[in-house]
Amino acid sequence: MRVLGIETSCDETGVAVYDTEKGLLAHQLYSQVKLHADYGGVVPELASRDHVRKTLPLIKAALKEAGITHHRLDGVAYTMGPGLVGALLVGACIGRSLAFGWNLPAVGVHHMEGHLLAPMLEENQPEFPFVALLVSGGHTQLVQVKGIGDYHLLGESVDDAAGEAFDKTAKLMGLDYPGGPRLAALAEQGNGDRFTFPRPMTDRPGLNFSFSGLKTFAANTLAANESDQQTLADIARAFEDAVVDTLVIKCRRALKETGYKRLVVAGGVSANKHLRAKLEALLQKQNGQVFYPRTEFCTDNGAMIALAGALRLQAGEREPLAVKTYPRWPMTDLKPMVNINDAV
Ligand code: KG4
Ligand code: ZN
């Protein structure tokens, strides 16, 4: 089955073609980073308008890259939520309409399920069940995954998401949007022994997170010290170490609680090198394995939507003709995927 995937939930227009037998045939990405940079964050209305401009040209480019016309497609998948409502509506309207015009089935994909399944774009694919750490700009969640759509929430952030904490702290430090990767790059030059940040909520049982205090801790540390380049790098390093250690401690607990030996890490923050290295070391010690997508598929992209959509379309799922989006949509609302072909 060959599926066109469209992602427009935030500030990236992503389009891809995924073939369930041959794998990824094409993927195109346009990032709106420059558009929003002057404002220090995503401006929803500008995001929607830019998706309007970019989605159709990217679809044409993706089909060309795959060397096919729409006649060779078997379905269309688009991100249906969660995300910015205007941005989501662009991808959903275009995806649903094209599927109607081309007489193809359509399916709406949950953005976080897309992230969660993204490691399946790689050769080294996780088998079910596994624990998933989803760390993006909007979510920090530990999820027990028994199968596609079979998600049990083990813990989540009670305030800022990990990526949000990276971005807000980066802003405090005067770094340009998008701050997370810039803060991580600055931390490379930092000395990890100069400042020690707390590891929030690790001193009590449970799998929830809280990252907003780290931002305040960073603000206080900045105010109490000179803001020379080395000090900024040292603060960046201490902040990054605190977030990474906290995530690693909770992953260890989640693996212990479930008894699972496989960990999937996905979402924008999974691009963080230190997080990957520490989780890899943890799973190695436990004779387990950690899985993540290649770096370009950690952040938002169309490939993960095409893949998740292909799996759901293959199982017989179909979206009715109405264009629907869910700006807020807990992933645990999804139902375990039932393959209607198996039931016959
Ligand atoms: O998944 P994503 O592209 O968009 C959302 O669905 O939110 O994640 C974006 C988030 C941003 O907060 C960004 O700062 C963070 O991922 N991020 C990073 C790194 N690369 C992206 N955070 C820490 N280290 C990185 N290397
Ligand atoms: Zn995302």
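Read the numbers this way: they start at 1 and go in the same order the structure lists the ligands and their atoms. Count residues from 1 along the sequence. If you're wondering where the values come from, they're calculated on a predicted model, not measured in any experiment.
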To the nearest 10°, what's the angle at the Zn ion (ligand 2) between atoms OD1 (D300) and NE2 (H115)? 90°

For V43, does its backbone N or O pair with a side-chain atom of H36 as donor and acceptor, under 3.5 Å?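 Yes; judged by distance alone, with no hydrogens or angles, the pair exists.
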
Is it true that Y39 and Y177 have ring centroids separated by less than 6.0 Å?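 Centroid separation for Y39 and Y177: 6.0 Å or greater.
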
Do F197 and F195 have ring centroids that are under 6.0 Å from one another?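 They do not qualify: ring centres at least 6.0 Å apart.
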
Quick check on [X] - does any of its heavy atoms sit under 4.0 Å from an atom of ligand 1?
X	value
G138	yes
H111	yes
G179	no

What is the minimum heavy-atom distance between I305 and G114, and which atoms define it?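 Reported closest heavy-atom pair: CD1-CA, 4.4 Å.
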
Locate the shortest heavy-atom distance separating P119 from V264; write the atom from each residue and the value. CG-CG1, 3.6 Å

Nearest protein heavy atom to [atom], by residue and atom, and its distance?
atom	value
atom 24 (N) of ligand 1	N272 ND2, 3.0 Å
atom 11 (C) of ligand 1	D167 OD2, 3.5 Å
atom 3 (O) of ligand 1	D300 N, 3.1 Å
atom 17 (N) of ligand 1	G268 O, 3.6 Å
atom 10 (C) of ligand 1	G137 N, 3.5 Å

H70 and W102 aromatic ring geometry - parallel, tilted or perpendicular at 30°/60° bounds: parallel

Is the ring pair F211/F209 parallel, tilted or perpendicular, if the boundaries are 30 and 60 degrees? parallel

Pull out every atom of ligand 1 sitting under 4.0 Å from any heavy atom of [X], numbered as shown with elements.
X	value
G180	14 (O)
G163	12 (O)
T299	3 (O)

R276 bridged to E280 by N-O distance under 4.0 Å: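 Between E280 and R276 there is no salt bridge, as every charged N stays at least 4.0 Å from the carboxylate O atoms.
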
Assess H111: does it contribute an N, O or S atom lying under 2.8 Å from the Zn ion (ligand 2)?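 Under 2.8 Å: H111 contacts the Zn ion (ligand 2) through an N, O or S atom.
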
The Zn ion (ligand 2) and C10: any N/O/S contact shorter than 2.8 Å? no

Counting heavy atoms not belonging to N103, are there more than 12 under 6.0 Å from its CG? no

Might you confirm whether atom CD of Q125 has over 12 heavy atoms from other residues, nucleotides or ligands at distances under 6.0 Å? yes

Within reach of ligand 1, part of H115 (heavy-atom separation under 4.0 Å):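 Side chain only; the backbone of H115 stays clear of ligand 1.
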
